Amino acid sequence: EHRWPWLETSANVTLTTNTGTVTLGTDVMDVLEFYTSAGNPIELVHRDVFEELYRPDNVAAVTSTNPEVACVQGTATTGAYSMALWKVPSATSTAVMRYLRRIPDVSLSTDTFQHIPPELHFLIVDKAEVKLRQWEDDNEGAALMGQRVDRAVDKRAGTQEEVLPDDRT
């Protein structure tokens with residue numbers, strides 16, 4: 001799967017004194033990088049690794065000015081992910097998170113695809129056609145349409161100079 005670069009963004013995250021978790025915004029689909037305000041990376045690890053190495057019954061409660069390790073956990077009832085931190089912040093500070101935005105569901109005729117550039121709205125239909133062809137067991141058609149979608153994404157991301165066959169840009 002392609003990551004659509006226009007969905008990448010960053011936000012400040014407040015780390016609260018003696019609090020080992022932080023709730024992320026509801027627009028977070030995937031956390032790419034996490035840094036202290038000084039620019040030091042906070043290592044992102046899988047939940048299994050975090051539970052095994054950093055859970056409270058395995059490691060004494062350790063605080064530090066800045067966390068060293070973080071783990072994205074399940075979602076709250078609001079749909080927002082939470083992030084577990086180790087070492088627990090000993091003072092309130094701000095971290096920077098680079099992440100992929102979640103595309104909001106479109107449910108009304110007045111809703112727009114605001115996070116997708118207008119010149120690429122056709123990709124929504126094309127991607128739906130890929131899924132339809134897969135459901136209909138038309139793997140060859142799905143593969144061809146998928147390649148067209150991939151070329152369009154690559155072109156938009158600046159990784160391909162090729163013009164699409166139907167002049168879509």
Side-chain angles (χ1 to χ4, degrees), residues 1-15 21-51 67 69-85 94-169:
E1 292 277 333
H2 274 279
R3 286 194 167 164
W4 292 4
W6 50 89
L7 293 179
E8 291 184 18
T9 191
S10 61
N12 289 336
V13 176
T14 301
L15 306 178
T21 60
V22 63
T23 301
L24 307 178
T26 56
D27 68 329
V28 176
M29 180 172 63
D30 188 21
V31 178
L32 303 174
E33 296 175 321
F34 201 44
Y35 293 92
T36 66
S37 58
N40 299 321
I42 299 171
E43 182 182 4
L44 293 170
V45 297
H46 188 273
R47 187 169 186 227
D48 293 338
V49 172
F50 191 88
E51 288 292 322
V69 178
C71 165
V72 176
Q73 298 181 322
T75 59
T77 56
T78 62
Y81 287 108
S82 65
M83 185 176 287
L85 305 171
T94 302
V96 178
M97 172 181 62
R98 199 169 69 80
Y99 66 100
L100 287 179
R101 282 186 292 212
R102 175 179 291 141
I103 299 173
D105 291 337
V106 176
S107 59
L108 303 172
S109 62
T110 56
D111 287 346
T112 62
F113 297 102
Q114 61 186 354
H115 297 302
I116 300 175
E119 66 271 17
L120 294 177
H121 284 182
F122 73 91
L123 287 175
I124 298 163
V125 175
D126 287 356
K127 193 67 172 172
E129 185 176 341
V130 170
K131 293 292 185 189
L132 176 65
R133 289 176 184 246
Q134 289 171 340
W135 290 334
E136 292 179 342
D137 292 326
D138 178 7
N139 294 327
E140 184 177 332
L144 289 171
M145 182 58 87
Q147 290 171 1
R148 187 168 110 173
V149 170
D150 290 346
R151 284 194 308 269
V153 171
D154 288 344
K155 182 178 180 192
R156 175 70 168 129
T159 58
Q160 180 182 11
E161 296 296 324
E162 180 181 336
V163 175
L164 298 175
D166 63 357
D167 294 323
R168 291 182 178 173
T169 57

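Quantities reported herein were computed from a predicted structural model and do not represent experimental measurements.
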### Query
Of all residues at least two apart in sequence or in a different chain, which pass the side chain to side chain donor-acceptor pair (under 3.5 Å) check with N40?
none

### Task
Return the set of residues passing side chain to side chain donor-acceptor pair (under 3.5 Å) with E43 (not counting sequence neighbours), or none when no residue passes.
none

Nearest 0.5 Å please: distance from the [atom1] atom of [X] over to the [atom2] atom of [Y].
X: M97; Y: L24; atom1: CE; atom2: CG; answer: 5.0 Å
X: E33; Y: E8; atom1: CD; atom2: CD; answer: 8.5 Å
X: R101; Y: D30; atom1: CZ; atom2: CG; answer: 14.0 Å
X: D126; Y: M145; atom1: CG; atom2: CE; answer: 4.5 Å
X: F122; Y: R148; atom1: CZ; atom2: CZ; answer: 7.0 Å
X: T36; Y: L15; atom1: OG1; atom2: CG; answer: 9.0 Å

Can you find a pair of side-chain heavy atoms, one from [X] and one from [Y], that are under 4.5 Å apart?
X: L85; Y: F34; value: yes
X: V96; Y: N12; value: yes
X: E51; Y: Q73; value: yes
X: Y81; Y: V31; value: no

## Note on the structure
Minimal heavy-atom distance between A11 and Y99, with the atoms involved, is CB-CE2, 3.8 Å

### Message
Show the nearest heavy-atom pair for residues G146 and V130, with the distance to one decimal.
### Response
N-CG2, 3.6 Å

### Task
Quick one: list whatever passes side-chain contact (heavy atoms from CB on, under 4.5 Å) with D48, sequence neighbours left out.
H46

### Message
Just to verify, what does T14 make a side-chain contact (heavy atoms from CB on, under 4.5 Å) with, not counting sequence neighbours?
### Response
T16, T92

### Message
According to salt bridge (Lys or Arg N to Asp or Glu O under 4.0 Å), who are the partners of E129, at least two apart in sequence or on a separate chain?
### Response
R133

#### Entry: R47: salt bridge (Lys or Arg N to Asp or Glu O under 4.0 Å) partners, not counting sequence neighbours
none

